[in-house]
Amino acid sequence: MRQAIKAALFLAASLLTALPLPGTALAQASSPDVATGATLYADHCAKCHMANGAGGKMFGSVASADLRAPGLEQTYHNNDNLILRAVLEAKDQDDVPLNKPMHAWKGKLTTTQARDIIAYLHTLRS
Ligand code: HEC
């Protein structure tokens, strides 16, 4: 009898953990796509920030930023929304305009595309 109860509990517990939480599927559908981000990065960002994200390319006296983790994440207080603003509006973590030739990508990239790129940037490590 005890064994049967144990077995039933075990089954119930396995079923519960196997069931996706409500909203999980939706969250996955809208979560950023690293592979798309990698392609977008190669197309739009790598020529200035280098293929590995290390930056360091000089434009007059301005060097392109190192976009790799953990440096970029620390600069932007581990806040993807601030990194998003940097990409879309060319504003730094303190809302100060970034130096040229960094563009504001708004209008050229959608928010979804910029989030895909940021997800990819998190995979680049110094
Ligand atoms: C024409 C060259 C160029 C291109 C293309 C470019 N960037 Fe930049 N980016 C720069 C430069 C130069 C800086 C440094 C600006 C500064 O120091 O104020 C910079 C800064 C940044 C920063 C701020 C980093 C920090 O530490 O504050 C982010 C984020 C960034 N770029 C992301 C991107 C992304 C994502 C793309 C592609 C969509 C991109 N950049 C394309 C030149 C470029």
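Order of appearance sets the numbers: ligands from 1, and atoms from 1 within every ligand.
For atom 5 (C) of ligand 1, the closest non-hydrogen atom of the protein is His44 O, 3.3 Å. Protein heavy atom in closest approach to atom 18 (O) of ligand 1: Asn99 N, 2.7 Å. Atom 24 (C) of ligand 1 has its closest protein heavy atom at Ala65 CB, 3.4 Å.
With a 4.0 Å cut-off on non-hydrogen atoms, Leu98 touches ligand 1 through its backbone as well as its side chain. Contacts between Leu72 and ligand 1, counted as non-hydrogen atom pairs separated by less than 4.0 Å, involve the side chain only. Using a 4.0 Å cut-off between heavy atoms, Tyr76 contacts ligand 1 through its side chain alone, with no backbone atom that close.
Neither side chain, His77 nor Gln93, offers a donor N or O lying under 3.5 Å from an acceptor on the other. No side-chain N or O of His49 forms a donor-acceptor pair with one of Asp66 less than 3.5 Å apart.
A 6.0 Å sphere centred on NZ of Lys108 holds more than 12 heavy atoms belonging to other residues, nucleotides or ligands.
Of all the N, O or S atoms in His49, the one closest to atom 8 (Fe) of ligand 1 is NE2.
At a threshold of 4.5 Å between side-chain heavy atoms, the hydrophobic network of Ile, Leu, Val, Met, Phe, Trp and Tyr places Ile118 and Met50 in two separate groups.
Residues Lys100 and Phe59 form no side-chain contact, since every pair of their non-hydrogen atoms from C-beta on lies 4.5 Å or further apart. Side-chain contact between Tyr76 and Asn81: absent, with no pair of heavy atoms (C-beta onward) separated by less than 4.5 Å.
The shortest separation from a heavy atom of Asp92 to ligand 1 is not under 4.0 Å, leaving the residue out of contact.
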Please report the C-alpha distance between Arg85 and Asp92 in whole Å, then the side-chain angles of each, then the deciding distance to 0.1 Å, and finally whether the salt bridge (Lys or Arg N to Asp or Glu O under 4.0 Å) criterion is met. CA-CA 8 Å; Arg85 184 178 67 182; Asp92 76 5; 5.4 Å; no

side-chain contact (heavy atoms from CB on, under 4.5 Å) assessment of Ile83 paired with Asn79: CA-CA 7 Å; Ile83 302 178; Asn79 184 336; over 6 Å; no

Under the side-chain contact (heavy atoms from CB on, under 4.5 Å) criterion, do Val87 and Leu84 qualify, and how do the steps go? CA-CA 5 Å; Val87 176; Leu84 184 69; 5.6 Å; no

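For atom 8 (Fe) of ligand 1, the N/O/S atoms of Met102 include one lying under 2.8 Å. Look at Cys48 and atom 8 (Fe) of ligand 1: no N/O/S atom of the residue is under 2.8 Å from the metal.
Residue Leu67 holds the heavy atom nearest to atom 22 (C) of ligand 1 of all those in Leu67, Asp43, Val62. Taking only non-hydrogen atoms, the option from Ala63, Pro97, Cys45, Pro101 nearest to atom 35 (C) of ligand 1 is Cys45.
Here is the list of ligand 1 atoms found below 4.0 Å of a heavy atom in Trp105: 5 (C), 36 (C), 37 (C), 38 (C), 39 (C), 41 (C). The Leu109 neighbourhood of ligand 1 comprises atoms 38 (C), with distances under 4.0 Å to a heavy atom of that residue.
Not a single N or O atom of Ser64, backbone or side chain, sits closer than 3.5 Å to an N or O atom of ligand 1.
For the atom pair CG (Asp116) and CG (Leu40), the distance works out to 6.5 Å, reported to the nearest 0.5 Å.
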